[in-house]
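A short worksheet on the structure shown next.
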Amino acid sequence: MSETILYPRLRELVDQGAQLVEVLPEEEYADEHLPGAINLPLKHLTAESTAQLDRRRAIVVYCWDAL
Amino acid sequence: MSPRAACRLDTLGFEHVYDYLPSKVDWLARGLPTEGENAGQTRAGDLVRDDVVTCRPDSRMADVRPRVEASPYSFAFVTTEDGTLLGRLRKTALAADPQAVAEQAMEPGPSTVRGHLSAEKIAARMTQGELNTVVVTSPEGTLLGVVRRQDAQAAAGR
């Protein structure tokens, strides 16, 4: 079950080597994204597209805002 | 959108999934670095001036007024000890009863913007609204300072 986090926890996870995943469309990712984040748009979250993620490490997803 | 993405990863069998709910706007509002074609653009957070007068809710107008007169602005902000923005003291309030305390005299909940707004958007908003300053707060509501219209316009190349 996924866990909702705020910035302080994000910082900890990133420092521990978490994988950052921006789920916005490609254009928005290309415009600006968090350092080291990869782009897996929500519409394309499939078993195939997520095969590149390391299942042993934490995965943090984010979009534009909380709305 | 991120809660749905986190849920989707759950259903795909991933066990260590976290949803950074405040997302990119929160990151940008903290002035943290980014990557991408538009990374590094000037934002409100880069233009903030922290030379505005602040006081506590129990401050008396008699004490705040001279500090404001010596500042580049005609107003002051009322904050808690940890810097959370509570209200604004306008010129008229400052000129009224010298014994009044800030909590009584302030205009509560002034409009604010977050530091992630681009200089261009800030400049457009200030020009349209004929605003000389906008107030910038952190995602937690802490006062960061103000952006002056001329600074925003210069950064936006207007």
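Worth saying up front: this structure is predicted, and the values here are computed from it rather than measured. Throughout, a chain's letter reflects where its sequence line sits, starting with A, and its residues are numbered from 1.
Hydrophobic clustering places B:Val147 together with B:Val113 (ILVMFWY residues linked when any side-chain heavy atoms are closer than 4.5 Å, directly or through intermediates). Note on B:Leu144: it does not cluster hydrophobically with B:Leu86, by side-chain heavy-atom contacts below 4.5 Å among ILVMFWY residues. Placement of B:Met61 and B:Met106 within a single hydrophobic cluster is found when ILVMFWY residues are connected by side-chain heavy-atom separations under 4.5 Å, directly or transitively. Cluster annotation: B:Leu9 is connected to A:Ile38 through the hydrophobic network of ILVMFWY side chains, with a link wherever side-chain heavy atoms come within less than 4.5 Å. B:Met126 and B:Leu47 fall within the same hydrophobic cluster, defined by Ile, Leu, Val, Met, Phe, Trp and Tyr side-chain heavy atoms under 4.5 Å apart, directly or through other members.
Within 6.0 Å of the CZ atom in B:Arg125, the count of heavy atoms belonging to other residues, nucleotides or ligands does not exceed 12. Heavy-atom contacts from other residues, nucleotides or ligands closer than 6.0 Å to CD of A:Gln16 number more than 12. For B:Gln128, the CD atom sits in a loose shell: 12 or fewer heavy atoms of surrounding residues, nucleotides or ligands are nearer than 6.0 Å.
For the set A:Thr4, A:Leu42, A:Asp31, A:Asp65, the count of heavy-atom pairs under 4.5 angstrom toward chain B peaks at A:Asp31. For chain B, the option among A:Leu34, A:Val60, A:Leu10 with the highest count of heavy-atom pairs below 4.5 Å is A:Leu34.
B:Ser2 and A:Cys63 make their closest contact through N-SG, 3.4 Å (heavy atoms, listed as atom of the first residue, atom of the second, distance).
Both the backbone and the side chain of B:Arg4 come within contact range of chain A, with heavy atoms under 4.5 Å apart. If you measure heavy-atom distances from A:Arg57 to chain B, the contacts under 4.5 Å come from the backbone alone.
Residue pairs satisfying the side chain to side chain donor-acceptor pair (under 3.5 Å) criterion with at least one member in residues 57-69 of chain B, sequence neighbours excluded, are listed as follows: B:Arg65-B:Glu69. Residue pairs meeting the salt bridge (charged side-chain N to carboxylate O under 4.0 Å, His left out) criterion with at least one partner in residues 89-102 of chain B, sequence neighbours excluded, are B:Arg90-B:Glu107.
Atom-to-atom distance recorded for A:Tyr29:OH and B:Glu37:CD is 11.0 Å, nearest 0.5 angstrom. One finds the CD atom of B:Glu140 at 10.0 Å from the OH atom of A:Tyr7 (value rounded to the nearest 0.5 Å).
Of residues 12-34 of chain B, those residues with a non-hydrogen atom less than 4.5 Å from any non-hydrogen atom of chain A are, in numerical order, B:Leu12, B:Gly13, B:Phe14, B:His16, B:Val17, B:Tyr18, B:Asp19, B:Tyr20, B:Leu21, B:Pro22, B:Ser23, B:Lys24, B:Val25, B:Asp26, B:Trp27, B:Leu28, B:Arg30, B:Leu32, B:Pro33, B:Thr34. Using non-hydrogen atoms only and a strict 4.5 Å limit, the part of residues 18-26 of chain A facing chain B consists of A:Glu22, A:Val23, A:Leu24.
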